[in-house]
Protein chains: 2
Amino acid sequence: MSTIKDVAREAGVSIATVSRVVNNGPKVGEKTKARVLSIMAELGYRPNENARALVTQKSKTLGVVIPDLSDPFFASLANGVDKVARQNNMQLLLSTGLITEESERQAIRLLLERRCESIVVHSKKLSDEEIIEFANKVPGLVLIDRFIQKIADRCIWLDNEEGGKIAARHLMSLGHQQLACISSKYQIDDPALRFKGFKNELTESGLSLLNQHIVEDEPNLQGGEMATQKLLASDTKFDAIFVYNDAMAIGAISTLEDNGFRVPLDVSVIGFDDVLLSRYSRPKLTTLHYPIEEMAEFAAQLALGNIKDVTAQQISSGYKYIPRLVKRESTSLHSFSK
Amino acid sequence: MSTIKDVAREAGVSIATVSRVVNNGPKVGEKTKARVLSIMAELGYRPNENARALVTQKSKTLGVVIPDLSDPFFASLANGVDKVARQNNMQLLLSTGLITEESERQAIRLLLERRCESIVVHSKKLSDEEIIEFANKVPGLVLIDRFIQKIADRCIWLDNEEGGKIAARHLMSLGHQQLACISSKYQIDDPALRFKGFKNELTESGLSLLNQHIVEDEPNLQGGEMATQKLLASDTKFDAIFVYNDAMAIGAISTLEDNGFRVPLDVSVIGFDDVLLSRYSRPKLTTLHYPIEEMAEFAAQLALGNIKDVTAQQISSGYKYIPRLVKRESTSLHSFSK
DNA sequence: CACACAAATGTAAACGTTTAGACTTTAATT
DNA sequence: AATTAAAGTCTAAACGTTTACATTTGTGTG
């Protein structure tokens, strides 16, 4: 691969001049410029970005740390960041952390070694302290899907609790009173918060959630099916279910229908996330939209320093997104109310 | 950010020694090594990968060119490449080309500028000639999802035509005789080849495909619904449909059921791709598995030069994958055969 | 105790750029 | 014709590493 020196030699100029041509620098004579350009084309010259990064101290690279790309949720996240990268003439450097603390740490380090100055991090395992430490070292590091008070103005997160509340209000507004809840069995924040919001909202409205109406399982299709089996086994009636995510919700609907319940006529089902799946299911799923791509785009802009006005609001609670209710076909008025 | 010089100064050694410690080089005294390591930790030193890439002439980066990450198909592709990158201590550099010829070209160039020596390219717009030219320049460039004779041993592709044949054989083996076909309206190779294989296989078995049983539309849910409407409008009977992809197939099933047809009792439906969706639909979709992630992993290994034995077979027809029939619930024996 | 040899460490060039500052040419002004 | 300013070009240092080669230090041998 030819270098700037080759071009300079062939064109009979110094490398400085070639460099100016390459970068559309200021003072370059017309004829020289033309000559250099033609030599460049002839040699197929491409500037070495590593050398550039070294001397200019900027990497033209937007880093993103996620477990991997196999989950559509993370693919959307990466896609949001990539969009912004493209808009800014940068490229996406992916650092997959999988699921261990050590590999999350390693993923961030690799990005630092490339002197990536803007990084969007999705981390669930690293401690608050360690993340804060990284954040202090790198001004362009931004956290997505997690809130840490000390670096609030660099956190982009979803209010899961509010999501639970919205779901509760929606189901109650349809006249449902015997509610059930299917949650994830994993002890991370998201399910706990969604459930908390849901339950509190019910309680405030004077409704209660029976213990046998709260079940947990794996957060996937099969888990949704199993959970629904458990719900049906305890033969106390329920007329609506708030499900942890869309995949489980689809499993729930499938099991309900297999057992003679019609959705939404007999039971309303509401999911969470609004993944692609929810538009393809029958009935189409009512769910809470998790605007992850939009959040990722914003996160990327924030990482790049393109967001100027930071309000007091953001300094205290970061950039908080509220899930939006998407009414489709899996919820409807309670039959007694019809 | 501290450099190797800072570490050298603090530790009272030369940068060469520090470099040896960093790279676990050969001859370094135990106590020196310990001292240097402790200083490194103290300063939070991280070697500058750009400088390294410059001097070693290798980038520790695996490039991938795809339109974008919004389509789960491409996300799987990227995920396959990323897996291999991780196994080889490299990182994924994403270059999204969107859909124009110029941006595909640009995407490859950007990777070259970073001296990325291994690249997996998914390109539909660039001409054969231009791709061959790039391939000649970069030994580690590999083509996925496309076959070009002149660089056959660097092509990883799916035999779409064979997929069509397999679908045809499957439906015929179930006793279906009045077949229909829903294809994509876009004039790219894939739909044409799938259709060709399907039709030829029928013809060879003495079956014919009525003209009104061939419809085209957008390759998504709505397209599948619309196409099925058209099929139903021409009131010649059909007992099985070969659909271009899973999303359309799900749309087809939905419209069939809305019109009182049961799937698979009245009509069998077979899709193509085996995306996540197909396992979530009701009935679960019978489809042809497109092993894109596996193919991408292989492509990455090939790009890295980890594939040694190339047979005559590969020199003539590249690395060809055959889609695998996944029998689920949307196809069954023809009712008259039961 | 001098010697050789291995082990440890240091020196300096190279990788391919950018960019300040110096220098040269050209053109305009007096 | 001499002077000046502007435009164009060049020189050389710097970015942070790796690595061949040179040098120093240490160790066991005769």
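Only this structure's heavy atoms are used, side chains among them; waters, hydrogens and symmetry mates stay out. Chain letters run A, B, ... following the sequence lines, proteins first and then strands; every chain starts at 1.
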Legend entry - Whole-Å gap separating P (D:dG16) and CG (A:N48): 16 Å

Legend entry - B:L54 or B:K31, whichever maps to the more 5' nucleotide of DNA chain C: B:K31

Inset, instruction - Can you spot which of B:D159, B:I292, B:L158 makes a side chain to side chain contact (heavy atoms under 4.5 Å, CB included) with B:Y321? - result: B:L158

Inset, instruction - Would you mind telling me which of C:dG16, C:dG10, C:dT17 lies closest to the side-chain atoms of B:S14? - result: C:dG10

Legend entry - Contact under 4.0 Å: A:T32 side-chain N or O vs D:dT9 OP1/OP2: yes

Inset, instruction - Classify the side chain of B:R115 versus the base of C:dG16 as yes if they form a donor-acceptor pair under 3.5 Å and no if they do not. - result: no

Inset, instruction - Report the distance from atom NZ of A:K5 to atom P of D:dC10, rounded to the nearest whole Å. - result: 16 Å

Inset, instruction - Ignoring hydrogens and angles, state whether a donor on the side chain of A:R86 or B:T96 is under 3.5 Å from an acceptor on the partner side chain. - result: yes

Legend entry - Distance test, side-chain N/O of B:S19 to OP1/OP2 of D:dT19, below 4.0 Å: no

Legend entry - Nucleotide D:dG16, atom P - distance to CE of B:M40 in whole Å: 16 Å

Legend entry - Beyond-backbone contact of A:I66 with A:D71, side-chain heavy atoms, under 4.5 angstrom: no

Legend entry - Presence of B:T3 side-chain N/O under 4.0 Å of D:dG16 phosphate oxygens OP1/OP2: no

Inset, instruction - Find the distance A:K33:NZ to D:dG8:C1' and express it as a whole number of Å. - result: 13 Å

Inset, instruction - May I ask you to evaluate whether A:T17 reaches the phosphate of D:dT9, defined as a side-chain N or O under 4.0 Å from OP1 or OP2? - result: no

Inset, instruction - Find the distance A:E49:CD to C:dG16:C1' and express it as a whole number of Å. - result: 11 Å

Inset, instruction - Verify the contact: side-chain N or O of B:N23 to OP1 or OP2 of D:dT18, cut-off strictly under 4.0 Å; return yes or no. - result: yes

Inset, instruction - Identify which nucleotide among C:dT19, D:dC21, D:dG16 has an atom closest to any side-chain atom of A:A16, counting heavy atoms from C-beta outward. - result: C:dT19

Legend entry - Sugar-phosphate only, base, or nothing, as touched by A:V28 at under 4.0 Å among non-hydrogen atoms: sugar-phosphate

Legend entry - Atom-to-atom span, CD1 of A:I4 to P of D:dT11 - whole angstrom: 14 Å

Inset, instruction - For the residue pair A:D190 and A:K124, establish whether any side-chain heavy-atom pair is separated by less than 4.5 Å. - result: yes

Legend entry - A:R52 CZ to C:dC15 C1', straight-line distance once rounded to whole Å: 16 Å

Inset, instruction - Tell me what A:V13 touches on the nucleic acid: a base, only sugar-phosphate, or nothing, going by heavy atoms under 4.0 Å. - result: sugar-phosphate

Legend entry - Candidates C:dT9, D:dT17, D:dT18 - which lies nearest the side chain of B:A51: D:dT17

Inset, instruction - Given side-chain hydrogen bond (donor to acceptor under 3.5 Å, both in side chains), test B:S123 with B:E104 step by step and report yes or no. - result: CA-CA 7 Å; B:S123 160; B:E104 280 188 4; 2.5 Å; yes

Inset, instruction - Would you mind telling me which of C:dT11, C:dG16, D:dT9 lies closest to the side-chain atoms of A:R20? - result: D:dT9

Legend entry - Pairwise side-chain contact, B:E294 with B:F298, heavy-atom cut-off 4.5 Å (strictly under): no

Inset, instruction - Rounded off to whole Å, could you give me the CD-to-C1' distance for the B:E113 and C:dT18 pair? - result: 15 Å

Legend entry - Nearest-nucleotide pick for A:I15, side chain only, options being C:dT17, D:dT19, C:dT9: C:dT17

Legend entry - Under 4.0 angstrom between A:Q57 side-chain N/O and D:dG16 OP1 or OP2: yes

